[in-house]
Amino acid sequence: MTTADDAPTAALPTQYTPKDVEGPLYERWVERGYFTADAGSTRPAYTIVIPPPNVTGSLHMGHAFQHTLMDALIRRKRMLGYEALWLPGMDHAGIATQNVVERELAGEGLSRHDLGREAFLERVWKWKSEYGGRILGQMRRLGDGVDWSRERFTMDEGLSRAVRTIFVRMYADGLIYRAERIINWCPRCLTALSDIEVEHRDLDGELVSISYGPVTVATTRVETMLGDTAVAVHPDDDRYRHLVGTEVELPLTGRHIPIIADEHVDPEFGTGAVKVTPAHDPNDFAIGQRHGLANITIMDERAVITVPGPFQGLDRFEARPAVTDALRELGLIVAEKRPYQHSVGHCSRCGTVVEPRLSLQWFVNVGPLAKKAGDAVRDGRTRIVPGELAKRYFDWVDNMHDWCISRQLWWGHRIPVWYCPDGHITVPETDPTSCGVCGAAELTQDEDVLDTWFSSGLWPFSTLGWPDQTPDLLKFYPTDVLLTGYDIIFFWVARMMMFALYAMPDTPFTTVALTGLVRDGRGRKMSKSSGTAVDPLEWMDKYGTDALRFALARGANPGSDVPIAEEWVEGARNFTNKLWNATRFALMSGATINGELPAYVELSTADRWILSRLGQVVAEVDRAYDGDEAAGVREGYEFGEVSRTLQAFAWNEVCDWYIELAKLPINRGGREAEVTRRVLGEVFDVLLRLLHPLMPFVTEQLWTTLTGAESAVIAAWPNSSYAVDPGSERAVGALQELVTEVRRFRSEQQIKPGVKLPAVIVAGAETAELLAAHTAEIGALARLTDVTIAAVIPAGWAEVVVAGARVGLDLSGTIDVAAERARLVKDLAAARAEQEQVAAKLANPSFADKAPAPVVEKTKARLAAAAAEIARVTALLDALPAQ
RNA sequence: GGGCGCGUAGCUCAGUGGAAGAGCACCCGGUUUACACCCGGGUGGUCGCAGGUUCGAAACCUGCCGCGCCCACCA
């Protein structure tokens with residue numbers, strides 16, 4: 001038993017200093033293997049795989065936010081008795097990483113081609129081992145309870161085998177194919193990009209009208225006219241109907257091109273006639289396919305004009321004005337440049353304007369896969385939280401285009417395809433020695449690598465050992481929650497679903513919990529470019545990891561963005577310190593945690609009240625985490641609700657009232673002190689465990705000190721089995737109201753806190769009895785002396801009114817008459833307004849008919865209270881001495 | 001062009017049919033033996049605008065205004 005005498009508080013200073021405890025605590029957790037999951041365990045599994053950060057990345061506020069939430073989920077489930085696995089790892093981030101290393105090489109005056117493929121890849125691996133994965137160390141600072149023994153990297157041998165296996169199977173099933181298509185091409189990165197690697201931005205362009213003889217076309221990309229192979233009009237357009245089938249001469253080229261009719265053309269737009277450049281525009285390519293047009297490529301991979309003539313060698317942006325000028329000289333620019341805002345694709349990696357380019361690439365046929373991915377959510381096998389965002393998911397999976405998966409990079413999973421001299425394709429599980437079709441021994445492997453998202457799409461099962469049926473895969477798949485930002489739902493979530501539903505019997509996760517984006521204190525998106533980004537480490541250093549985590553969690557409302565500002569973190573730091581000092585108080589007061597709670601009859605009103613509230617708080621926290629299926633309203637994952645509930649309870653109920661109330665019996669000593677110490681210990685034992693998933697460090701330090709137990713990480717999650725006690729809640733409520741009212745009066749009358757006043761309380765029988773038992777508490781909290789229950793308030797005493805009671809205070813003539821009169825006049829006006837309003841409501845015949853009985857009762861009580869208030873205030877005003 | 005969301009106190013946001021809330025900021029008071037990273041008290045809102053439904057609307061419906069995000073092969 002801990003007593004006040006041997007309390008281990010000497011070790012606790014008056015302020016919490018996070019940096020002294022965080023590092024050692026984390027190392028201890030890892031060393032003791034708390035985070036290491038056991039596939040052989042009989043406990044139910046609870047699994048989260050981390051959205052793998054880029055190997056080039058470092059921790060930003062968005063990571064800090066999402067990791068806090070995932071960590072809270074994992075830690076709580078572990079406390080609830082689950083075999084909890086949080087699997088960490090990183091993504092090899094093809095283009096990003098290759099760019100970083102190429103920049104490094106450029107500093108040495110080299111390009112990757114100077115090194116050659118093999119040496120370059122060695123260089124990337126070297127970079128990875130030296131500089132990559134900085135974020136992993138930062139995750140330790142955050143307190144992430146991840147299983148380091150299961151750390152994965154998308155380029156690991158195992159994961160590479162998963163990539164290889166699924167590619168081969170999908171190819172065999174016709175779900176992967178090779179074709180010449182218009183793809184997004186980055187002329188700087190010199191690689192194909194998928195649709196999601198292209199960012200559309202509105203740019204101010206110029207719409208230029210060019211005469212092609214009998215028709216005039218309008219375009220924002222004049223230079224591409226060199227590759228035009230037709231002019232298209234709408235088939236029903238009377239202006240041009242007679243021209244369809246004829247030819248026009250394409251200026252500057254001497255070529256003749258046909259005028260064709262195609263439904264795609266919008267007769268309302270521009271002149272209603274469109275130049276068709278199949279090799280440089282996706283729409284035009286489609287038109288070309290329909291009409292059997294030739295594809296004339298006019299640029300090379302760097303978007304430099306290759307057509308022989310005056311424009312050869314010009315970059316596309318140099319060629320644009322040059323071609324325009326040449327056309328103007330010929331008098332063919334009909335309407336001069338018109339400003340025109342349109343959306344232009346940019347490479348999401350380097351910002352270069354993407355060039356649609358005709359090339360031979362590998363694609364995933366997403367149709368059948370996307371259908372399954374949509375159905376899994378439609379039939380509830382995977383739940384999206386918040387549910388409103390499911391629509392966005394459907395929009396995406398139901399309208400997916402085939403996915404271009406080949407990249408002209410070196411860093412990544414090499415496409416497992418071999419070609420023989422005759423062009424036969426061999427796609428084997430293990431490297432081939434001869435062509436699978438003709439047996440030729442001369443084979444060359446495809447030069448390209450796979451899109452990074454191809455391997456990250458396999459993440460939920462490749463990390464657990466797939467394609468082997470490993471114990472991990474059997475135990476921990478499917479994972480429980482995927483927690484990520486709503487911005488990423490479309491590509492990553494959908495791709496994991498598609499792959500998993502192809503390769504596995506189950507969906508990859510049962511719930512997708514979507515978070516918002518982190519914004520600054522003024523609601524702006526945090527971004528490096530705008531200078532609004534803050535390094536989470538800075539605030540962790542300054543205020544502690546728990547403070548940052550708690551501030552982030554407190555703002556987390558499902559699916560909506562999270563603002564974070566330094567003041568909020570500071571506020572959360574203050575909360576950690578408050579907890580620290582409150583627990584210090586508990587320890588110094590000899591709080592105990594051993595044995596059963598004292599019997600109900602031994603508990604004080606305050607004890608009963610705080611235990612009753614404690615039980616409700618546990619239940620509220622559980623509801624916020626898990627949702628409330630019965631109510632059918634809450635979906636769970638309401639971290640903000642959890643945080644706010646716990647902070648309000650800890651600060652406003654435990655600290656502000658219970659501790660103050662507990663001081664009295666503790667100071668009195670004896671059995672009642674023992675009882676209160678036990679309850680105090682119980683409250684902090686439970687409260688600290690409830691807070692542990694969100695603020696692991698400070699709670700670990702305090703909880704282990706309080707309980708002497710090994711670690712909060714492996715402690716049991718509290719349950720809510722405390723008696724709900726409406727009686728003591730009413731009593732404490734009345735006490736709080738009364739004390740607050742007296743305090744307000746004292747403050748208004750500017751009575752020094754040191755001055756203790758005698759007081760009498762006048763109340764109805766029931767309230768009087770209730771309060772009579774607590775005159776000591778009332779006296780202590782409201783700084784009164786000689787609190788007595790009486791029938792009347794002595795003449796000349798000031799009067800404070802609370803619901804159900806009046807308190808007379810002997811101010812011995814110190815009352816400020818003017819201030820008191822002003823206050824009473826104000827009260828009177830308020831009471832009259834209230835009376836009028838409530839009376840009007842009650843006078844409405846429909847109200848009594850249709851409003852539920854409790855509402856009517858409440859309203860009648862309001863009217864009575866207003867009348868009483870008017871009578872009282874009027875009497876007091878009359879009695880107030882003249883100035 | 002399509003879709004989704006938001007507009008509540010100075011700021012950031014809770015509140016989904018029965019008396020307008022929290023944190024921060026602000027003002028007043030405080031050497032109260034856990035904590036000044038604190039304690040006590042207080043000011044502050046025709047809940048974007050206009051209609052409608054209802055006995056009753058911040059909440060439900062319609063329209064408008066203002067923001068934001070996502071998607072898109074409108075040259």
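We name chains A, B, ... by the order of the sequence lines, and we start the count at 1 in each one. Not measured: the values here are computed from a predicted model.
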Sugar-phosphate only, base, or nothing, as touched by A:N399 at under 4.0 Å among non-hydrogen atoms: nothing
Sugar-phosphate, base or nothing in reach of A:E834, heavy atoms under 4.0 Å: base
Euclidean distance, atom CG of residue A:N581 to atom C1' of B:C39 [Å, nearest integer]: 13 Å
Nearest-0.5 Å distance, CZ of residue A:R783 to CD1 of residue A:I778: 15.5 Å
Touch class at under 4.0 angstrom, heavy-atom based, for A:T740 against every strand present: sugar-phosphate
Distance between C1' atoms of B:G3 and B:C13 (Å, rounded): 26 Å
Interatomic distance where CZ belongs to A:R554 and C1' belongs to B:C24 [whole Å]: 9 Å
Sugar-phosphate only, base, or nothing, as touched by A:R744 at under 4.0 Å among non-hydrogen atoms: sugar-phosphate
For A:R181, all residues meeting salt bridge (charged side-chain N to carboxylate O under 4.0 Å, His left out), sequence neighbours excluded: none
Minimum-distance nucleotide to A:D266 side chain [options: B:A75, B:U54, B:G40]: B:A75
Whole-Å gap separating P (B:C35) and CE (A:M588): 6 Å
Exercise: do A:K275 and A:T224 side chains pair donor with acceptor under 3.5 Å: yes
Separation between the P atoms of B:G51 and B:U43, rounded to whole Å: 32 Å
Pairwise 5' ranking along RNA chain B for A:D395 and A:Q15, keeping only the more 5' one: A:D395
B:C37 OP1/OP2 closer than 4.0 Å to side-chain N/O of A:W651: no
Nearest-Å distance for atom pair CE/P, residues A:M225 and B:A75: 19 Å
For A:K858, all residues meeting salt bridge (charged side-chain N to carboxylate O under 4.0 Å, His left out), sequence neighbours excluded: none
Partner nucleotide of B:G68 by Watson-Crick or wobble geometry (both distances under 3.5 Å): B:C4
Aromatic ring pairing A:W651/A:F575, orientation class (parallel under 30°, perpendicular over 60°, tilted between): parallel
Cation-pi geometry met for A:K663 and A:Y658 (6.0 Å, 45°): no
Sugar-phosphate, base or nothing in reach of A:D849, heavy atoms under 4.0 Å: nothing
Which nucleotide in B:C55, B:A19, B:C35 has an atom nearest any side-chain atom of A:T14: B:C35
Pairing nucleotide - B:U54, Watson-Crick or G-U, each distance under 3.5 Å: none
Within 45° cone and under 6.0 Å: A:R554 NZ/CZ vs A:W568 ring: no
Stacked cation flag A:R743 on A:W657, 6.0 angstrom / 45 deg: yes
Sugar-phosphate only, base, or nothing, as touched by A:K275 at under 4.0 Å among non-hydrogen atoms: nothing
Anything under 3.5 Å between a protein N or O and an N or O of nucleotides 4-7 of chain B, put it in a table, one pair a line.
none

Spacing of the C1' atoms in B:A19 and B:G56 (rounded, Å): 12 Å
Span that lies between the P atom of B:C35 and that of B:U16, in whole angstrom: 40 Å
A:N844 vs A:C655, nearer the 5' end of RNA chain B by closest nucleotide: A:C655
B:A34 pairs with, by Watson-Crick or G-U criteria that keep both distances under 3.5 Å: none
Residues A:E263, A:R290: salt bridge by 4.0 Å N-O rule: no
Short side-chain N/O contact to B:G56 OP1/OP2 from A:K850, under 4.0 Å: no
Flag for A:D262-A:H291: side-chain donor and acceptor within less than 3.5 Å: yes
Among B:A19, B:C35, B:A75, the one nearest A:V265 by side-chain distance: B:A75
Other residues, nucleotides, ligands: >12 heavy atoms within 6.0 Å of A:E660 CD: yes
Separation between the P atoms of B:C74 and B:C6, rounded to whole Å: 28 Å
Out of B:C35, B:G3, B:G40, whichever nucleotide has its closest atom nearest the side chain of A:R743: B:G40
Between C1' of B:A34 and CH2 of A:W657, the distance in whole Å: 18 Å
Donor on one side chain, acceptor on other, A:Y486 and A:D561, under 3.5 Å: yes
Side chain of A:P852 (C-beta onward), nearest among B:G18, B:C71, B:C35: B:G18
Rounded P spacing from B:C11 to B:C49 in Å: 15 Å
Protein-nucleotide distance (A:L517, atom CG; B:U12, atom P), rounded to Å: 17 Å
Positions of residues 571-579 of chain A (non-hydrogen atom under 4.0 Å from RNA chain B), listed by number: A:R573, A:N574, A:N577, A:K578
Nucleotide paired to B:C13 in any strand shown, Watson-Crick or G-U, under 3.5 Å: B:G21
P atoms of B:U46 and B:A9, separation to the nearest Å: 9 Å
Sugar-phosphate only, base, or nothing, as touched by A:N557 at under 4.0 Å among non-hydrogen atoms: sugar-phosphate
Between A:T17 and A:D20, a side-chain donor and acceptor under 3.5 Å: yes
Interatomic distance at P, B:C37 relative to B:A25, whole Å: 12 Å
Touch class at under 4.0 angstrom, heavy-atom based, for A:P356 against every strand present: nothing
Length of the CZ-P vector between A:R677 and B:A34, whole Å: 14 Å
Rounded distance (nearest 0.5 Å) linking atom CD of A:E620 with atom CG of A:L646: 9.0 Å
With A:Y16 via ring-ring contact (aromatic ring centres under 6.0 Å, His included) - residues at least two apart: A:W580
base_contact_polar (B:A22 base, A:R644 side chain, donor-acceptor, <3.5 Å): no
Closest listed nucleotide, where the reference is the side chain of A:P563 and the choices are B:C13, B:G18, B:A75: B:C13
All N/O contacts under 3.5 Å from nucleotides 27-32 of chain B to the protein, with atom names and distances to one decimal?
unit_1	atom_1	unit_2	atom_2	d
B:G30	OP1	A:K752	NZ	3.3

Sugar-phosphate, base or nothing in reach of A:K663, heavy atoms under 4.0 Å: base
Rounded interatomic separation in angstrom, taking CZ from A:F394 and C1' from B:G2: 18 Å
Distance-only donor-acceptor check, side chains A:T576 and A:D546, under 3.5 Å: no
Under 3.5 Å on both distances, the Watson-Crick or G-U partner of B:G40: B:C28
